[in-house]
Asker: 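Would you mind keeping the following structure in view while I ask a few things?
Naming: A, B, ... by sequence-line order, numbering from 1 per chain.
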Amino acid sequence: MSRKFNWRTLERRWQRKWSLSRIHEAEPVRGKTKYFVTAAFPYPNSPQHIGHGRTYTLADVNARFHRMRGYNTLFPMAFHLTGTPIFAMCKRLQAHDPEIIRTFTHIYGIPKSKLEYLKEPLNMARYFRDEIRKGMVEIGFSIDWRREFTTVDTLYSRFIEWHFRKLRALGLITRGTHPVGWCPNDNGPVGYHDTQGEVEPEIGESFLVKFERDGVVYPTATLRPETVFGVTNLWLNPTANYVRAEVDGETWVISKDTVEKLRHQNRAVKVLREVDPKDSFWKTVENPATKSPVPILPGEFVDPSNGTGVVMSVPAHAPYDLQALNDLKGKESGSDRAAQVDSVKPFPIIRLEGSSDLPAEDIIKEFHVADQKDPHLEDATKELYSREFHRGIMMENTGTYSGLSVGQAREMVVQEFTRNGKIAKLYEIKNRPVFCRCGWECVVHILSNQWFINYGDHEWKKLAHDCLASIALLPEDSIGQFNYTIDWLKERACARKVGLGTPLPWDKEWIIESLSDSVIYMAYYVLAKFVSKKWMAFKKLEKLSPEIVDGFFGYIFLGEGNPDTVTRSTGLPRRILDAIRGEFLYFYPVDMRHSGKDLIPNHFTFYIFHHSVLFPRERWPKGIVANGFVMMEGTKMSKSLENIIPLRQGIAKYGADPIRIGVMATAELGQDTDFSETLVTSIQEKLVSLMNQTRKLGHKRKGAMSSPSSLDKWMLSRLNDAVKEATGSMEKLRVREVINRILYQLDNELSWYQRRSAVKSSKTDNRTSVLRKVFEARSKMLAPVAPHVAEQMWHALGNKGLASMVNWPDFDAGLEDPVAEQGEWLIKELLSDTGEIVKATGLKPGKVVYYAAPSWKWRIYMSSLESASTAKISQGVFLSKVMDDAEMRKLGKEAADYATKVVQQVRETPEGLRQSRLKAGRLSEKEILRQAREFLSKELKAEVDVWEAKEAGAYDPKGRARFAEPYRPAILVE
RNA sequence: GCGGGGGUUGCCAAGCCAGGUCAAAGGCGCAGGGCUCAGGACCCUGUCCCGCAGGGGUUCGUGGGUUCAAAUCCCACCCCCCGCACCA
C-alpha cells in the first residue's frame, strides 16, 4: 500500500500552500528576533544530487525549526558561476567527449537533443540553475527566492570590486611569482577538471645542485640537497639527448627535455648545441660543497625527462645510485676502466641508528632488489629517505652541519648554497605524467605578477582567531581543523586569467577566482531582494564610477559615509537606501552557515578571515556547521560508478520527505551517512503509517479528558520527555537524535501504551484524547524534518493553518510524572524478569505470584536515595544511620544486610534515575501490580496473584516473599 | 610528513566530552510466534556463551595504567578514511 502512496500529490498540495502564504519570505520586523541561515550556494555545472541534499536539508531543518520557535527566519539562496568548471564542461561537450555525454544523458537524464544548447557556458549555467532551483522547491526547502542572484550579475561584480579594493586598501593584497600546473598547448593553467582522468597536477619542489667543470655547470636535480657531501660521482644517461645551453648567463649541460621545463619556470634558456653524454663520461667535476673532484659516469636508470637528466650520486644513502654503481662495476670489470670505477667508493655522511656504514646497501638487501630496473628499488628508496629524514643525524664529514638532523641540515644547506648561487629551485609535477584533456603533458609554469590575498598577515590571523573563538561550531570537534587552517594559510593566489567572474578592478587582465569572490556574499542577499525588483535606479547604479559605487556599498554594509551624500551621488531614493541599510543591520550577521566538512580548510576559513577584517565585531558570523558526506549503498558516490542519484530523480522516485529523512537519519552530524534503497523504503512506510494513524484519529475533537489513569499520565510524561529531548537535540542540530526520538522511540512508547490499555475497561477510556495529544505534538516536531507529512498530519487532526507556522511544542514540567514513569518501569521490568525465569526454568506458568516489598525495605531504600543525593554515600555511615532507627534495630541482621546491599545498588544507579525515584517517592507497588493484574495475566497467559510480603494470608509456599525489594517484587512461578 | 576524523556485539550505527540500570539505544538481517486464504505489511519474542529462578561468564582495534567501578579517563602501539592551496 505504501508503495502506491502518491508523494507528488502530497508535496504539491503543501508546497502550493506555503508559496501562497509566502511563509518563507522574511522581512525585517521591529522587535522580533531574527535568525539568518545560509548554505554554501551551488555551482551549476551539474544537477545537485542527494549528497548536496544533506547540507541543504540540514539548513532547511534548522531554518524551519527556528521559524517555529518564533524567530523571524531568513533562508536565501543564490548561484555561484565564477570559475572554469562550466567552461571545461562545455568544451568537453563541444569536443563530443563520449564520457561527458554519457554522464549527461545516462546519469543526469538529460535528453540528447538538449546537448547542443548546453555547449554554451551561460546556457549550461542557466539550465542547471533552473534544475537545481526546481529540486530545491520540490524537496520543500523554505527558501526566500526573492533574494536569488548569481555571481556574474553586474551589480554583484561591483560588490566584489568594492570588496577587493577594500582588501587592497588594507594592505592584504600582494603580488609575486607562483608555480601552477600548466598545459603548454593550451598555454593556460590546468585544474583537475582539465586533465585526463581528472587528476590534480601536484607541484613538488626539488633542488638543483650545481657541479662545475671549466665554467660549465652540471645542475643535478635532487630532493635531498644535504647529501651533496656524500657525492661520489654524477650520472648522465648514455642513451639520452643532452644539450649545452646558456641559462640565465651560465653555461649548463642538461637533457634536451629540460629546456622547455626551465623556460616555463621563468629562466632564459638559449641552446648552444647538442652534446653527446659520452663526451662527458669519466671526466671530473667539482663538488660545490667539498670542492673535491668527482667523475661523471653512465647510468641508464636516469630519466632524462625527470629533473635535468643530470643526477648526483650518493651511493651510501641512495639505493638507485648504489645499485647503478654496482651494476657499472660489474659491467666494466676487466676493462681498462675497471680501476677508475673501482676507485669510486660509497661513503656515509648520515648516521642512522641500526644501520651499517652503507644504509643503502642494507635496504637493498631488505627489499631484495635485483638490479637498477627492479621496481622494488623505488620502494626501498622511499623507505630509506623516510628513515633518514626522521632519524638520521649528519656525520662529522659534513662540516658545520655535523650533528644536525637531516631535516635541519636540508633547510640550512638550501639557504646557504642558494645564497652563493650553488643551489636553485626546480618545480616538478610530482604525480607526473599528468595529461591535459588536449593530450599534452602538463608542466609546471611559473606565473610572474600573480595576485595574492595575504592570509599570512599576522594581524589578520589574530583577528581570524578572535572571530573563530566567537563562533559556535558544529560539530564542536572541528575547532582543531579551523585553528590549524588559520595558522597554516599564507599567500593565496586570488585571480586567474580564464573563467567567469569579476575582473580585478586595478588589473583587468585578471579575473577574481571563485573561492575569493564568495566569502562575503551572504551580505548581498539583503541587497538582492531590492535589486530583483529591477528598478531603474539600480541599473543606473551599476554603471556609476567606482568612487560612487564604493560609497554605496561602504554605507549599506559598513555604515561609512553619509546617507545624504550617497543618495545624492547614486540617485537612489533615501527611503530605499535606509531600507537596505536597515535590513542589513536587522539580518546581519549570519546566525548559522551550513556546508560540507570539505569546506573547512578553504571556504569556511576564508569566510572567517574576510569577515574578521572587513566587518565590525557585531557583524561577525555566529555559527558554522560542517556536515559529513552521503554514501550510496555503502560506497562513495562517483560519476564513474554511476551511483549518483540527482536530487530531482530521487524525489520523483522516493518522495521528498523520505529523502530528507534518509540523509539525516542514520549518522550524526560530522559523520558520513549512508543512503540506501532499503532505508528510504522503510522511511516511506513509517511516514505513511503515521499519516494513516492520524487520519484514523480524525478531525473530531473530544471533550476534556476524564480523570487520566496512571498509564495515561505515563504516556503524556513520555511525550513530554520526547519534547524535551527533541528540542535539546534540535538546538545542537543533532537531527538523527530528533528523528530517532520522535519517530521511533515514541512509537515504541505508543505501542506499549496501546498494549497496556488494550485490556482496560472502557469507562475511563482516554485513549483517543491521549493519542491526539501525542500525534499533534508529533506532527509539530516532525515539521522541520518532514514538512509535507507534518502538514498532512496536522490537517488530518482537524487543525487549521500550517504546521510549519505553529509554535514548536514547549516542555511542560507539569506533565512530568515520576510516579507514573516509575510505575510503568516496574511493570515492564517485572514482565521481563518473569519471562527470564520462565525461560531459564523451562516452566510453563499456570500461576504467577508477585510479592511487593515490605514497607521497612522501602524506608531504607528511600533513605539511601536521599543520602546519595546530597553526598557520596558511604557504607558505614549509612548503616549506622539505619540502625539508629529503633524499628530497624528490631529487624536486626535482616535490616543490616539489606542496607548494605542497597548502598551498593544506589551507588550504581545513575544520577537521573535516582532523582526520578526520589521525586516519585515510595511507590504503592501492591496497588500498581493489582491494577496491572489483568494485563500481566494476559501477557503471561497465566493466573496472576499479588501480595505484599508478609501480608497475612499470603500464598507463599516456597518462601519467596522475603526476596522482595523495592522496584523488584519477588516472583513465584508455578 | 603535518593536521583532522574514525576502529563498538552478523552488518549499519548510537554511547565516549560530564565513568556506575552497559551485554551496551535504534535500524537492517536472521529465527520463532501472532494476524492473514496466502504473501507483503504490521505486532510480539529471541538473536555473545552458559544457566530448571529474575543469575553468572567473556566482550567495545591491541597492550598497559588510574578507579570500589572503564566502551567511556590516562599512556603506548596497530589499522582505516579525509585535507594539505589557486581548485569548486
Asker: A quick test of your reading: do over 12 heavy atoms of other residues, nucleotides or ligands sit less than 6.0 Å from NZ of A:Lys847?
Answerer: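 Counting other residues, nucleotides and ligands, NZ of A:Lys847 exceeds 12 neighbours.
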Asker: Atom CD1 of A:Ile479 to atom P of B:G5: distance rounded to whole Å?
Answerer: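 Checked: the CD1 to P distance equals 11 Å.
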Asker: Applying a 3.5 Å limit to both distances, which nucleotide forms a Watson-Crick or G-U wobble pair with B:G83?
Answerer: B:C2
Asker: Identify the nucleotide, in any strand shown, that forms a Watson-Crick or G-U wobble pair with B:G26, with both distances under 3.5 Å; if there is none, say none.
Answerer: B:C12
Asker: Pick the P atom in B:A70 and in B:U62, then give their distance to the nearest Å.
Answerer: 16 Å
Asker: What N/O pairs connect the protein and nucleotides 72-77 of chain B at under 3.5 Å? Give each pair on its own line.
Answerer:
none

Asker: Could you check A:Arg492 against A:Glu829 and say which one's nearest nucleotide on RNA chain B is further toward the 5' end?
Answerer: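 Whichever sits nearer the 5' end wins; that is A:Glu829.
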Asker: Would you please indicate yes or no on a ring centroid separation below 6.0 angstrom for A:His178 and A:Phe452?
Answerer: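 Yes, ring centres under 6.0 Å apart.
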Asker: Do the side chains of A:Lys732 and A:Glu737 get close enough for a salt bridge, i.e. N-O under 4.0 angstrom?
Answerer: no
Asker: Under 4.0 Å from any atom of RNA chain B, heavy atoms only: list the residues of residues 596-606 of chain A that qualify, in numerical order.
Answerer: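 Residues of residues 596-606 of chain A that come under 4.0 Å of RNA chain B are, in numerical order, A:Pro601, A:Asn602.
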Asker: Please write out the pairs of protein N or O atoms and N or O atoms of nucleotides 47-52 of chain B separated by less than 3.5 Å, giving the distance to one decimal.
Answerer:
{"residue": "B:G51", "atom": "O6", "partner": "A:Lys839", "partner atom": "NZ", "Å": "3.4"}
{"residue": "B:C52", "atom": "O4'", "partner": "A:Ala840", "partner atom": "O", "Å": "3.0"}

Asker: Between A:Gln904 (CD) and B:U67 (C1'), how many Å, whole number?
Answerer: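 It works out to 13 Å between those atoms.
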Asker: Could you walk me through whether A:Glu226 and A:Arg224 pass the salt bridge (Lys or Arg N to Asp or Glu O under 4.0 Å) check?
Answerer: CA-CA 5 Å; A:Glu226 74 284 0; A:Arg224 306 182 66 189; 3.7 Å; yes
Asker: Of the nucleotides B:U21, B:G4, B:A13, which one has an atom closest to the side chain of A:Ala667?
Answerer: B:A13
Asker: Which part of the nucleic acid, if any, lies within contact of A:Arg734, taking any heavy atom under 4.0 Å across all strands shown: a base, the sugar-phosphate backbone alone, or nothing?
Answerer: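 Sugar-phosphate contact only - A:Arg734 comes under 4.0 Å of backbone atoms but never of a base.
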Asker: Is the number of heavy atoms from other residues, nucleotides or ligands under 6.0 Å of A:Glu411 CD greater than 12?
Answerer: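 Check fails, neighbour count at 12 or below.
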Asker: For residues 960-974 of chain A, which residues have at least one heavy atom under 4.0 Å from RNA chain B?
Answerer: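 Of all residues in residues 960-974 of chain A, the ones placing a heavy atom under 4.0 Å from RNA chain B are A:Arg960, A:Arg968, A:Pro969, A:Ala970, A:Ile971, A:Leu972, A:Val973.
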Asker: Measure all distances between protein nitrogen or oxygen atoms and nitrogen or oxygen atoms of nucleotides 24-32 of chain B, and list the pairs falling under 3.5 Å.
Answerer:
{"residue": "B:G26", "atom": "O2'", "partner": "A:Asn740", "partner atom": "ND2", "Å": "3.4"}

Asker: Can you check the distance between B:C42 and B:C28, where both ends of the measurement are the P atom (answer in whole Å)?
Answerer: 8 Å
Asker: Starting at CG of A:Asp672 and ending at P of B:G4, how long is that distance when rounded to a whole Å?
Answerer: 18 Å
Asker: Please evaluate residues A:Trp460 and A:His610 with respect to the criterion ring-ring contact (aromatic ring centres under 6.0 Å, His included), reporting the C-alpha separation (whole Å), side-chain torsions for both, the decisive distance (0.1 Å), and the verdict.
Answerer: CA-CA 9 Å; A:Trp460 199 3; A:His610 287 251; 5.6 Å; yes
Asker: With heavy atoms under 4.0 Å as the rule, sort A:Glu491 into base, sugar-phosphate or nothing.
Answerer: base
Asker: Could you please name the partner base of B:A31, counting Watson-Crick and G-U wobble pairs only when both distances are under 3.5 Å?
Answerer: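 Base partner found: B:U45.
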Asker: A:Met664 has an atom CE; how far is it from atom P of B:A13, in whole Å?
Answerer: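 Going from A:Met664 (CE) to B:A13 (P), I get 16 Å.
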Asker: Out of the candidates A:Leu599, A:Leu468, A:Thr605, A:Ile608, only one should pair with A:Ile624 under the side-chain contact (heavy atoms from CB on, under 4.5 Å) rule; please name it.
Answerer: A:Ile608
Asker: Please work out if A:Val190 contacts a base, only the sugar-phosphate, or nothing of the nucleic acid, heavy-atom cut-off 4.0 Å.
Answerer: sugar-phosphate
Asker: Please list all pairs meeting salt bridge (charged side-chain N to carboxylate O under 4.0 Å, His left out) that have one or both residues in residues 478-495 of chain A, counting only residues at least two apart or in different chains.
Answerer: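 Applying salt bridge (charged side-chain N to carboxylate O under 4.0 Å, His left out) to every pair that reaches into residues 478-495 of chain A, excluding sequence neighbours, yields A:Arg492-A:Glu513.
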Asker: Mapping A:Arg917 and A:Glu200 onto RNA chain B by nearest heavy atom, which one lands closer to the 5' end?
Answerer: A:Arg917
Asker: Once you apply a heavy-atom cut-off of 4.0 Å, does A:Glu668 come out as touching a base, just sugar-phosphate, or nothing?
Answerer: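 It contacts sugar-phosphate atoms only.
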Asker: What is the separation between atom CH2 on A:Trp510 and atom C1' on B:C86, rounded to the nearest whole Å?
Answerer: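 So the two atoms are 10 Å apart, to the nearest Å.
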Asker: Rounded off to whole Å, could you give me the CG-to-P distance for the A:Asp674 and B:C81 pair?
Answerer: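 After rounding, the gap between these two atoms is 17 Å.
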Asker: How far does the P atom of B:G19 sit from the matching atom of B:G26, given to the nearest Å?
Answerer: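 B:G19 and B:G26 have their P atoms separated by 24 Å.
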Asker: Going from SG on A:Cys442 to NE2 on A:His264, what distance comes out if it is rounded to the nearest 0.5 angstrom?
Answerer: 10.5 Å
Asker: With the threshold set at 4.0 Å, does a side-chain nitrogen-carboxylate oxygen contact exist between A:Arg718 and A:Glu824?
Answerer: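 So A:Arg718 does not pair with A:Glu824 through a salt bridge.
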Asker: Select base, sugar-phosphate, or nothing to describe what A:Tyr43 touches, counting heavy atoms under 4.0 Å on all strands.
Answerer: sugar-phosphate
Asker: Would one find more than 12 heavy atoms of other residues, nucleotides or ligands at under 6.0 Å from atom NZ of A:Lys828?
Answerer: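 Atom NZ in A:Lys828 is packed in, count exceeds 12.
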Asker: Tell me if the aromatic rings of A:His594 and A:Phe604 count as close, with their centers under 6.0 Å from one another.
Answerer: no
Asker: Return the nearest nucleotide to the side chain of A:Glu685; candidates are B:A41, B:G5, B:G54.
Answerer: B:A41
Asker: Write down the partner of B:U67 under the Watson-Crick or G-U wobble criteria, each distance required to be under 3.5 Å.
Answerer: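 The answer is none; no pair meets the criterion.
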Asker: Less than 6.0 Å separating the ring centroids of A:Phe963 and A:Tyr851?
Answerer: no
Asker: Applying the Watson-Crick and G-U wobble criteria at under 3.5 Å, what pairs with B:U21? Answer none if nothing qualifies.
Answerer: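 Pairing partner, where one exists within any strand: none, as none qualifies.
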Asker: Under 4.0 Å, heavy atoms only, any strand: does A:Trp825 hit a base, just the sugar-phosphate, or nothing?
Answerer: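 Base contact.
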Asker: Between A:Phe482 and A:Trp488, is the gap from one ring center to the other below 6.0 Å?
Answerer: no
Asker: For B:C49 versus B:U59, give the span between their C1' atoms, rounded off to a whole number of Å.
Answerer: 11 Å
Asker: Compute the centroid of each ring, for A:Phe79 and then for A:Phe41, and state whether the two points are separated by less than 6.0 Å.
Answerer: no
Asker: As a test of reading the structure: which of B:U21, B:G5, B:C44 is closest to the side chain of A:Gln671, going by heavy atoms?
Answerer: B:G5
Asker: Rounded to whole Å, please give me the gap between CG in A:Leu831 and P in B:U45.
Answerer: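 One finds 8 Å between P of B:U45 and CG of A:Leu831, rounded.
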Asker: From the set B:C86, B:C44, B:G6, return the single nucleotide nearest to any side-chain atom of A:Arg755.
Answerer: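 Selected nucleotide: B:C44.
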Asker: Have a look at A:Ser832 and say if it touches a base, only the backbone sugar-phosphate, or nothing, with a 4.0 Å heavy-atom cut-off.
Answerer: nothing
Asker: Heavy atoms under 4.0 Å, any strand shown: does A:Ser689 hit a base, just sugar-phosphate, or nothing?
Answerer: nothing
Asker: Name the pairing partner of B:G40, where a pair is Watson-Crick or G-U wobble with both distances under 3.5 Å, or state none.
Answerer: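 WC or wobble partner does not exist here.
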Asker: Would you say a side-chain N or O of A:Ser514 is under 4.0 Å from OP1 or OP2 of B:C86?
Answerer: no
Asker: Nearest whole angstrom, please: distance from the C1' of B:A88 to the CD1 of A:Ile86.
Answerer: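 Those two atoms, CD1 and C1', are 10 Å apart.
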Asker: Classify the angle between the aromatic ring planes of A:Trp825 and A:Tyr967 as parallel (below 30°), tilted (30 to 60°) or perpendicular (above 60°).
Answerer: perpendicular
